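Quick caveat: nothing in here was measured; it's all calculated off a predicted structure.
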Amino acid sequence: MKKGTLFQLVDDVTPANLKQAMQQAIEIEIATIPVYLYTYYSITRVPDQGAITKQILADFKAQNKCEKTDAELEEAAEKLGLDIMVFANKAGSLIMSVAVEEMLHMSLSSNIKNALKKYGGLPELVGKTPKHWPAFLPGHEPPFPINRAKLTLDQLYTFLLIESPLPVVPDPKSKAKAIPYDTIGDYYQKIIDCMNKYLTDDDFDADAPQLINSKFYSQNNVDTVYYDADHKPQFSNEEDSGGLVHVTSVATAVHAMDEIVEQGEGATSKTGKKGDHLTHDGKVVCATKINPLSYDDPSKGELSHFDKFLEIYCTIQRTNHDLNMFLGTEDFDYTKYFIKDLPTNPATTDYPEDIQKVCTLNNAIYTYLFVMAEGCYKKKGHTQFEIFMFGIHKTMIWLLNTISDSMAGLTYTDPKDKTTKCVSATFEDYDFSKSTASPKEQVIALGEIAMKVKNSIINQGVLDIIHDLPDVEL
């Protein structure tokens with residue numbers, strides 16, 4: 001097994017390994033969450049338009065090999081500055097909208113596993129974030145590496161591999177042979193086939209704790225909205241794209257699986273023409289676009305995860321191509337104006353001691369998110385509602401967002417080479433001690449330590465919200 005792989009590929013799903021297969025499905029979803037979140041926090045969603053337009057103009061003048069006039073450069077700089085304001089915000093919205101739906105997919109898979117009587121069991125969510133990076137998603141043969149990295153075409157290409165509805169081959173210009181692999185949709189189809197063939201409705205416990213209430217899931221939040229060129233708010237997820245499913249039968253379990261696949265690959269996932277393989281050489285992806293566009297909702301208002309990422313990819317590719325043609329250059333990359341130069345696959349231990357304390361707190365909050373989510377499958381009713389609404393929502397939308405976004409703006413001087421380096425949240429699992437202190441009490445203690453750091457980004461407001469979280473056992 002390759003280092004970092006979550007599981008070996010299950011060749012065939014049967015009742016004998018259905019429990020393992022459902023846990024693998026859960027961990028496929030969990031593995032994508034830190035990857036998408038990391039890239040999201042590399043984006044400056046609302047850049048300073050005046051400052052970047054000024055910098056763009058200076059860069060245009062320095063790289064003007066086509067002898068454009070000052071007036072032409074100024075007009076182009078002004079337009080690019082405005083385009084960045086819209087696109088950076090939209091790109092962030094699209095990526096976060098996918099992360100939100102990955103949490104939904106984790107919950108749908110967990111609902112199925114917890115509802116299965118002898119073939120299921122309690123979903124295991126805590127401590128399932130990949131321990132080694134790059135990691136390798138299950139369901140793909142051979143595995144391909146995924147990284148916690150800033151937004152680049154390479155990172156977006158990885159996102160497309162994760163969500164692709166069709167097999168992927170290398171650049172046809174390269175000497176590498178074609179690499180066939182199973183899509184996530186193919187893997188989930190194995191689970192569906194197993195349930196349809198071997199299970200009956202009697203194999204499901206309708207009374208098992210599940211996340212089923214519509215109040216537990218909202219398609220959008222403050223991070224999934226962006227403003228278009230006309231300053232009108234746009235949400236990246238549609239209300240009819242799907243939500244939580246109460247699993248009580250074979251049919252409802254299959255419905256939950258289908259929803260996961262359609263949101264990721266699209267309802268039209270199998271309509272690509274033979275030969276429409278996705279390649280990545282900076283030019284080919286848009287040319288070999290899988291047709292038609294895939295949507296995950298009946299009204300066709302929301303693109304699938306694959307097409308959301310493809311839209312970001314093609315916008316960056318096309319804009320950079322046009323700018324290089326305009327200037328007569330070859331390597332002008334406009335993403336530098338709104339993408340933070342975050343490290344790839346950092347560990348908390350890479351940072352100075354003071355930053356480590358803040359990073360450790362953030363990791364504990366991130367892990368507590370899964371502690372609370374797992375706790376929802378042990379409890380019913382009002383207690384479950386409190387855990388989700390007052391715990392998971394505050395953790396995901398406020399605490400993680402506030403700290404992770406603030407961390408992405410920090411820098412430090414590397415003592416080894418004296419260079420200035422950027423900081424990012426690492427989204428590593430925190431190993432809660434099985435001591436007398438509960439996980440929540442341990443998070444509070446870490447918060448008090450992080451508050452004492454010089455120029456700390458942690459304030460009393462953050463600690464107050466941690467105090468308000470529900471106390472869930474490990």
Side-chain angles (χ1 to χ4, degrees), residues 5-33 102-131 137-139 184 187-213 216-217 244-261 367-381 383-385 387-388 391-392 429 431-432 434 439 472-474:
T5 304
L6 303 177
F7 287 96
Q8 288 180 329
L9 183 65
V10 176
D11 291 327
D12 192 26
V13 179
T14 67
N17 64 12
L18 181 56
K19 180 178 181 179
Q20 177 197 0
M22 286 312 308
Q23 182 62 35
Q24 178 169 327
I26 291 168
E27 295 189 31
I28 287 173
E29 309 303 336
I30 291 177
T32 65
I33 293 170
E102 296 299 351
M103 290 291 292
L104 170 64
H105 298 172
M106 179 191 76
S107 299
L108 289 171
S109 297
S110 296
N111 281 358
I112 295 173
K113 187 182 180 189
N114 215 38
L116 286 167
K117 293 177 181 177
K118 59 182 178 180
Y119 301 124
L122 182 69
E124 299 173 27
L125 312 178
V126 180
K128 299 304 180 180
T129 296
K131 301 293 187 296
L137 284 179
I184 291 177
Y187 176 72
Y188 284 166
Q189 187 61 48
K190 294 178 182 180
I191 295 176
I192 291 173
D193 292 343
C194 172
M195 292 191 295
N196 280 327
K197 183 176 182 179
Y198 297 108
L199 304 189
T200 69
D201 292 351
D202 291 336
D203 290 308
F204 294 87
D205 180 6
D207 295 325
Q210 298 179 45
L211 291 174
I212 59 176
N213 195 304
F216 290 155
Y217 174 68
L244 291 165
V245 176
H246 186 188
V247 178
T248 60
S249 61
V250 173
T252 52
V254 170
H255 174 57
M257 285 275 98
D258 283 339
E259 185 174 301
I260 295 173
V261 175
T367 307
Y368 196 53
L369 174 71
F370 296 104
V371 172
M372 290 185 289
E374 191 173 296
C376 288
Y377 290 94
K378 303 174 186 176
K379 302 177 183 293
K380 295 183 179 181
T383 303
Q384 189 190 51
F385 176 74
I387 292 174
F388 199 91
I392 294 177
D429 280 325
D431 188 14
F432 285 110
K434 296 180 176 62
V472 181
E473 298 176 356
L474 186 64

Residue pair [X] / [Y]: nearest heavy atoms and the distance that separates them:
| X | Y | value |
| --- | --- | --- |
| Ala115 | Ala208 | CA-CB, 4.1 Å |
| Cys376 | Pro209 | O-CB, 3.9 Å |
| Ala253 | Val247 | CB-CG1, 3.9 Å |
| Met372 | Val472 | CG-CG2, 3.9 Å |
| Val245 | Gln210 | O-OE1, 3.8 Å |
| Ile191 | Ala25 | CD1-CB, 4.2 Å |

Next on the checklist: Given 3.5 Å as the limit, does a donor-acceptor pair link the side chain of Asn111 with the main chain of Leu244, or not?
Outcome noted: no
Checklist entry - Distance-only, no hydrogens or angles: does the Glu374 side chain make a donor-acceptor pair with backbone N or O of Val126 under 3.5 Å? => result yes
Item to check | Pairing residues for Tyr119 by the ring pair (Phe, Tyr, Trp, His ring centres under 6.0 Å) criterion, not counting sequence neighbours | outcome: none
Next on the checklist: Just to verify, which of Met106, Lys128, Glu124 counts as forming a side-chain contact (heavy atoms from CB on, under 4.5 Å) with Phe370?
Outcome noted: Met106
Item to check | Any residue meeting side chain to side chain contact (heavy atoms under 4.5 Å, CB included) with Pro123, in chain and number order, not counting sequence neighbours | outcome: Ile26, Ser110, Asn114, Leu125, Tyr377
Checklist entry - For Gln20 and Gln24, does a side-chain donor sit closer than 3.5 Å to a side-chain acceptor? => result no
Checklist entry - Are side-chain heavy atoms of Glu473 and Pro439 found at a separation under 4.5 Å? => result no
Checklist entry - Would a 4.5 Å heavy-atom cut-off, applied to side chains only, mark Leu122 and Lys378 as touching? => result yes
Rounded at 0.5 Å granularity, tell me how far [atom1] in [X] sits from [atom2] in [Y].
| X | Y | atom1 | atom2 | answer |
| --- | --- | --- | --- | --- |
| His255 | Ile192 | NE2 | CD1 | 11.5 Å |
| Leu108 | His105 | CG | NE2 | 6.5 Å |
| Ile28 | Gln23 | CD1 | CD | 11.0 Å |
| His246 | Phe204 | NE2 | CZ | 11.5 Å |
| Lys434 | Leu474 | NZ | CG | 5.5 Å |
| Ile33 | Leu369 | CD1 | CG | 7.5 Å |

Using the side chain to side chain donor-acceptor pair (under 3.5 Å) criterion, which residues pair with [X]? Sequence neighbours excluded.
| X | result |
| --- | --- |
| Thr252 | Ser249 |
| Tyr368 | none |
| Asn196 | none |

Item to check | Sequence neighbours excluded - salt bridge (charged side-chain N to carboxylate O under 4.0 Å, His left out) pairs with any residue from residues 192-203 | outcome: none
